[in-house]
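So the structure is just underneath, and the comments pick up after that.
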Amino acid sequence: MAGRINDDDVKAVRDAVPIDAVVSEYLQLRNAGGGNLKGLCPFHDEKSPSFQVSPSKGLFHCFGCQEGGDTIAFVMKIDHLSFSETVERLAAKAGITLRYEEGGYNPGHQRGERIRLIEAHKAAAQFYVEQLDSAEAEIGRKFLAERGFDQAAAQHFAVGYSPAGWDHLTRYLRGKGFSDKELILSGLSQDGRRGPIDRFRGRLMWPIRDVGGEVVGFGARKLRDDDNGPKYLNTPETPIYKKSQVLYGIDLAKKDIAKSSRAVVVEGYTDVMACHLAGVTTAIATCGTAFGGEHIKILRRLLMDNGSARVIFTFDGDAAGQKAALRAFEDDQKFAAETYIAIAPDGMDPCELRLAKGDEAVQELVEPRTPLFEFALRQIVARYDLETPAGRAAALDEAAPIVARIKNVASQHEVAVQLAGMVGILDTQFVVRRVAQLARWARDRGGRGPAPAAARPAPSASPAAPSPAGPALNLRNPAHRTERELLKLALQRPALVSPAFDAYGVDEFTAPPYAAVRQTIAEAGGAEQGIDNAGDYLARVRDAAPDDRVRALVTELAVEPLHGRTVDEAYAGNHLVAVRLRAVDRRVRDVQGTLTRLGGHGDPEQLAAVQNELWVLQQYAQSLRNRGADAL
């Protein structure tokens, strides 16, 4: 084993590499007063910056998660390095030659695993760049030229070429002192019949760097028809490469992202190149995976989540691009930044657009125009026939839960009003109330999101849980009998009533004890939780009961036999419809009473809104009667 690093050299490394310079490679820092800097902590999720750096002291500390230390401690934690690996990495950055007290200078093969893998990738990247000038790589140079990228562009992005032979890179890296084990572990080589062979052969190569600028992987583009591999082949998961945690181009874009509070997310390596060369230097791309939570964490640290921050997604206009946009919207609320979508005319990507119409067209493309939420809602609404009452109701059913996920109440209200316009419902307040109700239910369910969109919640007053106290249950009452049977189904056969049941409001159960059981099921996570593990589900429901009376009723309903001779989806659907239809009919009577009170002397706008709500409710009730469970 190599000896420990000389203490004086460790001190020299600490003094030579300013902590603010190192930290700012991973997140944006702003003045915090008193000579300190602040930013969003990279070690835990937070909305406001509690992570502070003191350049004068060479220390950092997070007042949120209590992480702290010096430059070495920061790099060790954020890059998962050992102490010696971190000192070696920082020493290389500062140009300091380290001394080792028990064995002289540290031999290369004894250095830390991560350092070795990083060095192997650095050497491979240089090898590929040099190969792009070879005669064999003419096909690669032609590929770049056809897309508007000259030699200078290729050099700027360090684009290279992997020779078509079996083991050119493997032999080259062996000559640099890397072992076969290291080459396999790095993902640069793979096992062959007679030993390691190159993973990438005969392809155009893009180095993928982490936010600190180190090469951690490659993206490889197929060039020849006889290559039977995928169009793009990326480095497999390795100790230094996790595709869900890297963004292509982040090393080049991070400073401008932080400076402008704007990031442009594109779909491919050539799109990043085209954007940067067109002057959009905040462009980045994912590497063979959908844009997700880990990518958001990287951007949030650079954007600082200030209110003026913008994230613009560019997707192809085809079905796959639209699907990608909707996936991105799934994580939209993890940003404090505003998110937008940009789709080029004729469905062109930024690379094609630059080639066809020039740099200005690319710059114009990424100017924020359509909010991502608006695009997502329009994609949903467009699937329905808005000329029919049933179509409008179904569109509202699917879109309203999405609007309910918007955390900012003011924004949620504004988007709900827009949704009413998209769907064609004149009574905007009806839609606003629906969205607000779904949002309340989501909060009641512990932040797990609104009830599933597959079932339409009946418009009603307050979803608050009634007390179990009240009149005795009357099982001769058809409503009480139906509600009891539906609760038994939800507890005993949850698969038959899910996900529709979880969208039912507490106020759809007229017997207070049953309403309390409904609320208890919601508190336990909903009936859908019982599909895979009935035992744990019932235990959670009983634990969620507010008192022994409700807990006893839950137990009773869980063991009482169901009344149907054949308990199947049709049986469950009949009970779901019966409970929902009675709730809608009650609301119809309430609205009719309001109309009677308003008479012909009410405010015309208010009168029109109430009439529209009545019309929507009556259409929905008719749909339930005609179509049964299919209308839920």
Side-chain angles (χ1 to χ4, degrees), residues 5 7-44 46 49-65 67-98 112 114-115 118-119 121-122 156 158 207-216 240 245-247 249-261 263 281-282 284 297-306 309:
I5 302 171
D7 289 341
D8 290 337
D9 290 350
V10 173
K11 183 178 184 304
V13 168
R14 281 197 179 99
D15 294 341
V17 184
I19 190 169
D20 52 321
V22 173
V23 172
S24 62
E25 291 183 354
Y26 298 87
L27 59 137
Q28 183 184 170
L29 294 173
R30 291 182 177 171
N31 190 350
N36 287 352
L37 303 168
K38 66 180 179 180
L40 290 177
C41 181
F43 305 126
H44 81 287
E46 60 178 6
S50 59
F51 182 91
Q52 297 222 0
V53 175
S54 173
S56 62
K57 298 182 178 67
L59 298 173
F60 75 92
H61 181 78
C62 177
F63 292 92
C65 67
E67 287 290 343
D70 59 9
T71 309
I72 293 174
F74 177 83
V75 175
M76 284 177 65
K77 182 166 182 63
I78 199 165
D79 282 331
H80 309 288
L81 303 178
S82 68
F83 178 83
S84 60
E85 287 175 329
T86 303
V87 174
E88 289 165 354
R89 178 170 171 177
L90 293 174
K93 184 186 294 284
I96 295 173
T97 301
L98 298 175
R114 179 182 172 87
I115 296 293
I118 291 290
E119 288 181 343
H121 276 80
K122 182 178 179 180
H156 180 70
I208 300 169
R209 303 177 190 271
D210 62 17
V211 72
E214 303 282 11
V215 179
V216 294
I240 63 171
Q245 299 174 10
V246 293
L247 287 165
I250 193 68
D251 56 310
L252 298 173
K254 63 182 180 182
K255 289 184 179 178
D256 287 339
I257 289 174
K259 183 179 179 180
S260 65
S261 290
T281 54
T282 58
I284 52 175
K297 290 180 182 179
I298 297 172
L299 285 185
R300 285 185 62 233
R301 294 198 293 266
L302 297 174
L303 293 167
M304 278 283 282
D305 271 3
N306 66 76

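The basis for the numbers below is simple: all heavy atoms, side chains too, and nothing from hydrogens, waters or symmetry mates.
- Looking at every heavy atom in both residues, Pro55 comes nearest to Gly35 through CD-O, 3.4 Å.
- Taking the side chain as every heavy atom from C-beta outward, Leu37 and Val23 never approach each other to under 4.5 Å.
- Here the NZ-OG1 distance, from Lys255 to Thr281, works out to 12.0 Å after rounding to the nearest 0.5 Å.
- Side-chain contact check for Ile250 versus Ile257: some heavy-atom pair is nearer than 4.5 Å.
- In terms of heavy-atom proximity, Ala263 sits nearest to Leu299 at CB-CD2, 4.0 Å.
- Using cut-offs of 30° and 60° for the angle between ring planes, the Phe43 and Phe60 rings count as tilted.
- In plain terms, the two heavy atoms of Ala158 and Pro207 that are nearest each other are O-CD, 3.2 Å.
- From Phe51, atom CZ reaches atom OH of Tyr26 across 11.5 Å, with rounding to the nearest 0.5 Å.
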Determine, step by step, whether Arg209 and Leu252 satisfy the side chain to side chain contact (heavy atoms under 4.5 Å, CB included) criterion, reporting the C-alpha distance in whole Å, the side-chain angles of both residues, the deciding distance to 0.1 Å, and the verdict.
CA-CA 9 Å; Arg209 303 177 190 271; Leu252 298 173; over 6 Å; no
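- The two residues Ala16 and Ile96 have their closest heavy-atom pair at CB-CD1, 3.8 Å.
- Looking at Asp210 and Ile240, their side chains never come closer than 4.5 Å, going by heavy atoms from C-beta outward.
- Using a 4.5 Å heavy-atom threshold, the side chains of His44 and Cys62 count as touching.
- Residues Val216 and Ile118 meet the side-chain proximity criterion, which asks for heavy atoms closer than 4.5 Å.
- Ile208 pairs with exactly one of Val246, Asp251, Leu247 by the side-chain contact (heavy atoms from CB on, under 4.5 Å) rule, that one being Val246.
- Between Pro49 and Lys38 the shortest heavy-atom distance is CG-CD, 4.2 Å.
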Apply side chain to side chain contact (heavy atoms under 4.5 Å, CB included) to residues Leu27 and Leu40 and explain how you reach the verdict.
CA-CA 7 Å; Leu27 59 137; Leu40 290 177; 5.5 Å; no
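- Between the Lys254 side chain and the Leu302 main chain, no donor and acceptor come within less than 3.5 Å of each other.
- Residue Ile19 holds its CD1 atom at 10.5 Å from CZ of Arg14, rounded to the nearest 0.5 Å.
- For the pair Ile78 and Pro42, the tightest heavy-atom approach, listed with the atom from each and the gap, is CD1-CB, 3.9 Å.
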For side chain to side chain contact (heavy atoms under 4.5 Å, CB included), just list the numbers for Asp9 and Val87, CA-CA rounded to whole Å, side-chain angles, deciding distance to a tenth of an Å, and then say yes or no.
CA-CA 9 Å; Asp9 290 350; Val87 174; over 6 Å; no
Is there a side chain to side chain contact (heavy atoms under 4.5 Å, CB included) between Ile284 and Ile298? Walk through the geometry before answering.
CA-CA 11 Å; Ile284 52 175; Ile298 297 172; over 6 Å; no
